[in-house]
2 protein chains.
Amino acid sequence: MTDDAPSLAEETATRLRHDIIDGILPPGQRLAETRLAADLNVSRNTLREVFRLLTHEGLLRHEPNRGVFVATPSMATIVDIYRLRRLIEVPALAQAWPRHEAVARMRQAVEQAARQQAEGDWRGVGSANMEFHAAIVALADSPRLDTFFGQIIAELRLAFGLLHSPERLHAPYVTRNADILARLDAGDAAGAARILSDYLDQSEREIMQAFARIA
Amino acid sequence: MTDDAPSLAEETATRLRHDIIDGILPPGQRLAETRLAADLNVSRNTLREVFRLLTHEGLLRHEPNRGVFVATPSMATIVDIYRLRRLIEVPALAQAWPRHEAVARMRQAVEQAARQQAEGDWRGVGSANMEFHAAIVALADSPRLDTFFGQIIAELRLAFGLLHSPERLHAPYVTRNADILARLDAGDAAGAARILSDYLDQSEREIMQAFARIA
DNA sequence: CGTCACAATATTGTTCAACAATTTACAAGT
DNA sequence: ACTTGTAAATTGTTGAACAATATTGTGACG
C-alpha cells in the first residue's frame, strides 16, 4: 500500500538515526551536506529535510552557516535525561495497572535481554533494556509522551555509545528489570517503582563516573 | 551578530506558528505548498523544511502525497494533554523549591493576567495563563521538558481556538493561579500542587464539555 | 616563528525549474 | 447515481545556480 510507504526523506532519516546510534557517525562529527547527500544518494534538499527531523530529535546539532554535527552528549545531557526519567518513569510505574497491555512488552523485553545476555550480545541487551523502559512509559497511555521518550532514549543510547564497557552498564539490570516486573505482576506497583528509582540512581551514578573517566 | 539571526526557514516557521495558534490558519485547513510558498514569499523547498518543523511540533498533520493540514485537536488530544499535564506539572510543583527562579515567571504571569483581564483582553489572559503553566514546568529544571511542554501548550492553544467563550475558560483561573503562587510562596508546595490538580480536573471538564457542544 | 591581512576555496541557505508519481477534479457513458 | 477514463493539480524529489558565510591557505611583517 502506497500510503504506508515511507518517503525517501523518512527512510533516510531512519538510516541516519541508526548510523548515529550505532556509532558509525560518531558524536561531534560534522555532516557535510554535499558529501553526505552523495553518499546517501539523495539530493541536498531532501537531506536538509532529514536534518530538520533529526535535529529536532536531539541527535543532530545545527549551527547556522557552519553545518550540522552529530550531537555530543555531555554531563548536562545525562543529568537532564535522568531527571526526566525519574519524573516520568517512576510515577508511570507507580500508577500502573498490572494488567495494562504494556506489561506484555515489559515481559518480552526481559526475556529478550536474558537471551541476548546468554549470547553475549551486549548491544542487544542494551536495546532490550531501553525497550523495557519505553514500555514503562507506555503504561502512562500518552502517545505524545511515548514519542518524546523515544527521543530521550535515542539520546541516551548515543551517550552509552561514548562509553567502553557495555557489560558494566547493562548486566546488573537484567535481573533487576525482572524484579520490577515481578513486583508489578504481584500488584505491588509502588514497590516496583521503588526498585526502578534505585535503578535510576545507580545507573546515573555509573554513567556519570564513566563520563568523568573519559572527560 | 549573524549567528543569532534566525534563518528564513525558522522565521517562516515562527510566522506560521503564530498564524496557526491565532486561528488565521484554522484547524483542518490544507496548506498547499505552491500557494503558501508564494504567499509567504519563500521557495517550496524552504517551506517543506518549515513543514517538517511544525509537523514535529504537532501543529501540522502531514499526509503523504496529499499534503499538509493544520492539526485538528480532538477529544483524544485533550485527554492526552491533560494526562500529561497531571503527570508533569503536578509533581514539578509538588517538588518545587519556593526560591526557584521560575517562581518569578509565575508571578509575572499572574500579574500580567490580572492586567489583561482588567482590559478585557482574553487572548492575553490565555497567553499569561499558559506562561504560568510553562513556568511551573520550568521548576523541574529540564530543558528537554521545557521544549516538549512548549509544544504541548501550542497544541492546547489550538484546541482553545476552536471554542467560542475564552472568558469562560480563563477567567476563573486568574485568581486560582494567584492562590497557587501564594501557597508556594508560603512554602506549601504540596498544597499548591493540590490546587493545581483541582484546576486541571476542572479545566479538562470544561474543555471536554465545550468540545462536546461543537462536535 | 607567530600573527595578521587578504584572497581563494568550500560550504550553507535559498531559489528555481523540471520531472515522475500520486491524487483530485471533471466529463462522458451507462 | 455510479463508474470509468482523462486532464489537471499537487506532492516528493532532483539538480543547478547563486548569494552569503565560513574556512583555509598564502604572503608579508615584526
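None of these values were measured; they are calculated from a predicted model. We name chains A, B, ... by the order of the sequence lines, and we start the count at 1 in each one.
Between A:Glu10 and B:Arg52 there is a salt bridge, since at least one side-chain N of the basic residue sits less than 4.0 Å from a carboxylate O of the acidic one. Between B:Asp121 and B:Arg115 there is no salt bridge, since no side-chain nitrogen of the basic residue lies less than 4.0 Å from a carboxylate oxygen of the acidic one.
Taking each heavy atom of B:Ser142 and A:Arg83 in turn, the nearest pair found is CB-CD, 4.5 Å.
Distance B:Leu47 CG to D:dT13 P: 15 Å, rounded to the nearest Å. Rounded to an integer number of Å, the gap from CG of A:Leu60 to P of C:dT12 is 13 Å. Atom CD of A:Glu49 and atom P of D:dT13 are 7 Å apart (whole Å). If you take CG of A:Leu36 and P of D:dT14, they are 13 Å apart, rounded to a whole angstrom.
More than 12 heavy atoms of other residues, nucleotides or ligands sit less than 6.0 Å from atom CD of B:Gln29.
Note on B:Arg48: a side-chain N or O is less than 4.0 Å away from OP1 or OP2 of D:dG12. Between A:His62 and the phosphate of C:dT12, there is no side-chain N or O to OP1/OP2 separation shorter than 4.0 Å.
We find the CZ-CZ distance between A:Arg35 and A:Arg30 to be 12.0 Å, quoted to the nearest 0.5 Å.
For the pairing with B:Leu60, the side chain to side chain contact (heavy atoms under 4.5 Å, CB included) check across B:Ile20, B:Leu25, B:Leu53 returns one residue only, B:Ile20.
Taking the ring axis of A:Tyr82 as reference, the NZ or CZ atom of A:Arg85 stays within 45° of it and closer than 6.0 Å to the ring centre.
At least one donor-acceptor pair under 3.5 Å links the side chain of B:Thr77 to the backbone N or O of B:Ser74.
Within residues 38-46 of chain B, the residues that have a heavy atom under 4.0 Å from DNA chain D are, in order of number, B:Arg44, B:Asn45.
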Could you pull out the protein-nucleic contacts involving nucleotides 9-11 of chain C (nitrogen or oxygen on both sides, under 3.5 Å)?
residue	atom	partner	partner atom	Å
C:dT11	O3'	A:Arg30	NH2	2.9

